[in-house]
There are 2 protein chains.
Amino acid sequence: MNGAEALLETLTESGVEVCFANPGTSEMQLVAAIDRSSSMRAVLCLFEGVATGAADGYARIAGKPAVTLLHLGAGLGNGVANLHNARRARSQVVNIVGDHATYHLHYDAPLTSDIAGIAGPVSDWVHASPSAEGLAVDGAAAVAAAREFPGQIATLIVPADAAWGEAGVPAAPVAPPAPPVPEDSRVESARAALMAGEPAVLFLGGPALTEEALIQAARISQATGARLVCETFPARLQRGGARPLVERLPYFGEAALDALQGVRHMVLAGADAPVAFFAYPGKPSVLVPEDAECLTLAAPREDALAGLTALADALEAPKQPQSASPAPLPPIPSGPLNVMGLGAVIAAHLPEGAIVSDEGATAGIALFPMTAGAKPHDWLTLTGGAIGQGLPLAIGAAIAAPDRKVVSLQADGSGLYTVQALWTMAREELDIVTVLINNSSYAILNIELQRVGAQNPGPKAMSLLDLSNPSISWTQIAEGFGVPAVKVETVEDLDKAFADAMAEKGPRLIEAIVP
Amino acid sequence: MNGAEALLETLTESGVEVCFANPGTSEMQLVAAIDRSSSMRAVLCLFEGVATGAADGYARIAGKPAVTLLHLGAGLGNGVANLHNARRARSQVVNIVGDHATYHLHYDAPLTSDIAGIAGPVSDWVHASPSAEGLAVDGAAAVAAAREFPGQIATLIVPADAAWGEAGVPAAPVAPPAPPVPEDSRVESARAALMAGEPAVLFLGGPALTEEALIQAARISQATGARLVCETFPARLQRGGARPLVERLPYFGEAALDALQGVRHMVLAGADAPVAFFAYPGKPSVLVPEDAECLTLAAPREDALAGLTALADALEAPKQPQSASPAPLPPIPSGPLNVMGLGAVIAAHLPEGAIVSDEGATAGIALFPMTAGAKPHDWLTLTGGAIGQGLPLAIGAAIAAPDRKVVSLQADGSGLYTVQALWTMAREELDIVTVLINNSSYAILNIELQRVGAQNPGPKAMSLLDLSNPSISWTQIAEGFGVPAVKVETVEDLDKAFADAMAEKGPRLIEAIVP
């Protein structure tokens, strides 16, 4: 058994079932080992950012890690942006990055690079295996590191000679440490704050956004009057149907502070205190009202469900909260398509158990409240702001949950960063419907250009935010990659195309022209 | 004048004319400053790897740096692979990477990352400007660093408040140091080695591959009988017509050692001693024959032209070498397209002054010798092995030399990494003809899988090297991005399509099906 085989068997024994791969020469032994493994599914991605984004999506839905297989520092580099997002989502990801044979490194061959250096900024754990003998143990450690609650990015660098060298036996799985349970004193402080009779918010993120945790949050809210607000970009929010309604903190800082105006107590569960996505001249960075007190019930790496349950119990709230009446579905308008029409159609047809990968950017922000009354579904967002996440994330979600419909709400500008994802959807026949929201621009940047105080932009500045000239045909591109596609320009056409797509299985793309 | 404006004026005063941009919110002040600059051309790229690869191609042809404009660590991450290639090409590149305002960094907002950490492995020079006052001086230093002979990657990190803060005046350009001229003792050692009457090779790379330097190399060869061999992946080789013929070192190590068998003296000019691209079990890493002596006439950062000229003079070689008779053009076959047909057609029609961006992978290696007799042209290759370089490189070359025809020989697998480049070709109406060599596989990996000793690969391994199922329609994808495209399957159809494309101006793609 060589190192690669011992590693693969260790990974599968540790519960890893899927490898999102974009291998090169230095990973050929790992490819051969995957080939011989009966338990590891290999999914080819045509760009590394697709692989890393897919691993993120898989982890968010499966609750366990997939591995990526990447080619040296350059391949890892291509995966950096979506690893950044995955790290911000606190997803469980194991990267296996091939390297030159150890004895070849000092010759500085053309593809030689500082892999650990590139991995560091997007990894919680990095290790280079020096030899075949230790590779299996390192693999088990990587999985354990990735599974550290709620998740971490673990990057294991595998030199070619460690992969082809003779190894011993596979290593035993290593259990990650259990997440810390919030101390009683924190529960008591939170209880006191929420019972002070002043406006309060329970600010939720990460693991506090599962249905189970939200039920506890609803108990607290109903006992104290505290509002439930979630972070602007949750990794996974379970919503829709009769699930507890949660407000989403607005994206722009001044809107966020408006939404929190008058709040005196913010109790954090699974989230840090909110900060502005970007700084702007004369605008605040911290999004906690000045006279509000901020208390941590459960930090992002602590057991938020336990903390929320203990708090609800301490408040002597009924075990089951009153169930919310579903939010009303917006009426479906007619005529030329716009974001209102888009939201109404999606809300009407989204099937129970759907998973939404939201990289709708400006449109996505508007679609979120409109779909609050849809059937129960999971909503996944762009956690780290590195665009090009949406399509890969949908791939991972679809592989983690093959019986659920995945809807990828994708803005055009950001979709282009990882457009190669369409091919993997076609090859794996994934049940993903991409709604490509084509406004032929980086629409958010038109707003941002004003916000940073850049006045009267001229044609050169505007050209840097514009995706027309030539306009991009997503229908042609999708079909070039093997995904059936249709272009719609009216609400009626979208309604039919989206309803049809929900009724069938398999990948397709609806290019929604939203001027 | 704010920091961004002072920086832009410094860059243009330093001779920088082109910015390959993919900006985000943190770069909006820089966008506004570009807008107000009359001397800076802004070229929008829809993915950062396109911007960094284009900057590389621009530098190889223009002999001076362009700037890239990238969005924080994630945007830089997307540019890493082609910066790796550019660094291996020793190209002149200045990266301008926006960051959060300095006072916002410690809030660890979602897009915060260790930009300098990501930049380090692909940069020769990295600097984060702390404030508006020093930004212009830092910009001048970045350009000087990039211009250090023959070129370096300089990355300047610009916090948003440094861009929008009040600055003083632009900074004066800084001249880079002149490259060291090889010492007389090295010239004398090289002369003695080549005059020893034993088989010898003048091994050429980097700046020793311009026509001017090759004429000096030809003088030396004609005076001593030394063979002229160039590195496997030259950044820019001037060839064709009556230019001196240079052998190219084969890619695979054993073939390289075969080609160098019996050689007793290797004199290096502009290149390091050759090493194998990858290590393989039981195969050598160093590609210098065991009993050969290796001498450096000019290291890659030294003045190779001066060294070669001094050596030719020391040998008392005639000032003008005998001109070579052009290599014969291969006959054009007929029938189904294959690599032979491809090479013959390209060699026949390549116009004088053409620039070839070769990322043809397995096909490209075969096309190189077949085009030796074409009219004089420049041949650019994948210097760092990070695939996805070819299309972006063609963009940069076309912008650097708008009057020259650019031919992008592009393999399908590698072309997919930066497929978004097609849109920039369309928007800028660049005179680039992409010959997309579609064999529906990562063909090189089929060879590599055998070479690392992985025997009898099964269907799962083979599926990771295969790009059919579904097959990709490059014609549809190109048209989706606005580039006119045609698919050809016979030599006759290619001959017509390629001849037509050479006769007209503007971007187009020829999808050449080469099974």
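Throughout, protein chains are lettered first and strands after them, A, B, ... in sequence-line order, and every chain is numbered starting at 1. Worth knowing before you read on, the calculation uses all heavy atoms, side chains too, and leaves out hydrogens, waters and symmetry mates.
- There is a side-chain donor-acceptor pair under 3.5 Å between B/Glu448 and B/Tyr280.
- Looking only at heavy-atom pairs under 4.5 Å with chain B, the residue among A/Asp272, A/Leu69, A/Asn22, A/Asn2 that has the most is A/Asn22.
- By the 4.5 Å heavy-atom criterion applied to side chains, A/Leu111 and B/His84 are counted as neighbours.
- Counting heavy-atom pairs under 4.5 Å between each of A/Asp466, A/Leu465, A/Ile118, A/Val43 and chain B puts A/Asp466 at the top.
- Chain A forms more heavy-atom pairs under 4.5 Å with one residue of B/Ala279, B/Gly413, B/Gly24 than with any other, namely B/Ala279.
- Across B/Gly117, B/Pro274, B/Gly384, B/Ala386, the residue that shares the most heavy-atom pairs under 4.5 angstrom with chain A is B/Gly384.
- B/Ala276 touches chain A through backbone and side chain together, each having a heavy atom under 4.5 Å away.
- Interface summary for chain B: among A/Gly77, A/Ala461, A/Gly120, A/Gly79, the most heavy-atom pairs under 4.5 angstrom belong to A/Ala461.
- Proximity to chain A is limited to the side chain of B/Gln420, based on heavy atoms less than 4.5 angstrom apart.
- With chain A as partner, the option from B/Gly482, B/Ala32, B/Ala101, B/Ala42 having the largest number of non-hydrogen pairs under 4.5 angstrom is B/Ala42.
- The nearest pair of heavy atoms linking A/Ile447 to A/Phe252 is CG2-CZ, 3.8 Å.
- Your options are A/Cys45, A/Ser468, A/Gly49, and the one with the most heavy-atom pairs under 4.5 Å with chain B is A/Ser468.
- Rounding to the nearest 0.5 Å gives a distance of 10.0 Å between CD1 of B/Ile34 and CD of B/Glu27.
- Between B/Ser441 and B/Asn446 the shortest side-chain heavy-atom distance falls below 4.5 Å.
- Of the atoms belonging to A/Ala160, not a single heavy atom falls under 4.5 Å from chain B.
- The side-chain heavy atoms of B/Asn78 and A/Val80, taken from C-beta on, include no pair separated by under 4.5 Å.
- Using a 30° and 60° split on the angle between ring planes, B/Phe278 and A/His71 fall in the tilted class, from 30° to 60°.
- Here the OG1-CD1 distance, from A/Thr112 to A/Ile115, works out to 8.5 Å after rounding to the nearest 0.5 Å.
- Counting heavy-atom pairs closer than 4.5 Å to chain A, the top-ranked of the candidates B/Ala81, B/Ala74, B/Pro121 is B/Pro121.
- Residue with the most contacts toward chain A among B/Val286, B/Ile472, B/Leu83, B/Val31: B/Ile472 (heavy-atom pairs, distance under 4.5 Å).
- In terms of non-hydrogen atom pairs under 4.5 Å with chain A, the most contact-rich of B/Trp164, B/Trp474, B/Phe481 is B/Trp164.
- Counting heavy atoms from C-beta outward, A/Ser285 and A/Val275 have side chains that stay 4.5 Å or more apart.
- Using a 4.5 Å cut-off between heavy atoms, B/Tyr442 contacts chain A through its side chain alone, with no backbone atom that close.
- Chain B forms the most heavy-atom pairs under 4.5 Å with one residue out of A/Tyr103, A/Tyr417, A/Phe47, and that residue is A/Tyr417.
- For chain B, no part of A/Asn85 is nearby; none of its heavy atoms comes within less than 4.5 Å.
- Pairing each heavy atom of A/Ala235 with each of A/Thr383, the nearest pair is CA-CG2, 3.7 Å.
- Between A/Phe277 and A/Tyr251, the ring planes are tilted. Angles from 30° to 60° get that label.
- Interface remark: B/Leu467 contributes backbone and side-chain atoms alike to the contact with chain A (heavy atom separation under 4.5 Å).
- For B/Arg427, the parts lying under 4.5 angstrom from a heavy atom of chain A are both the backbone and the side chain.
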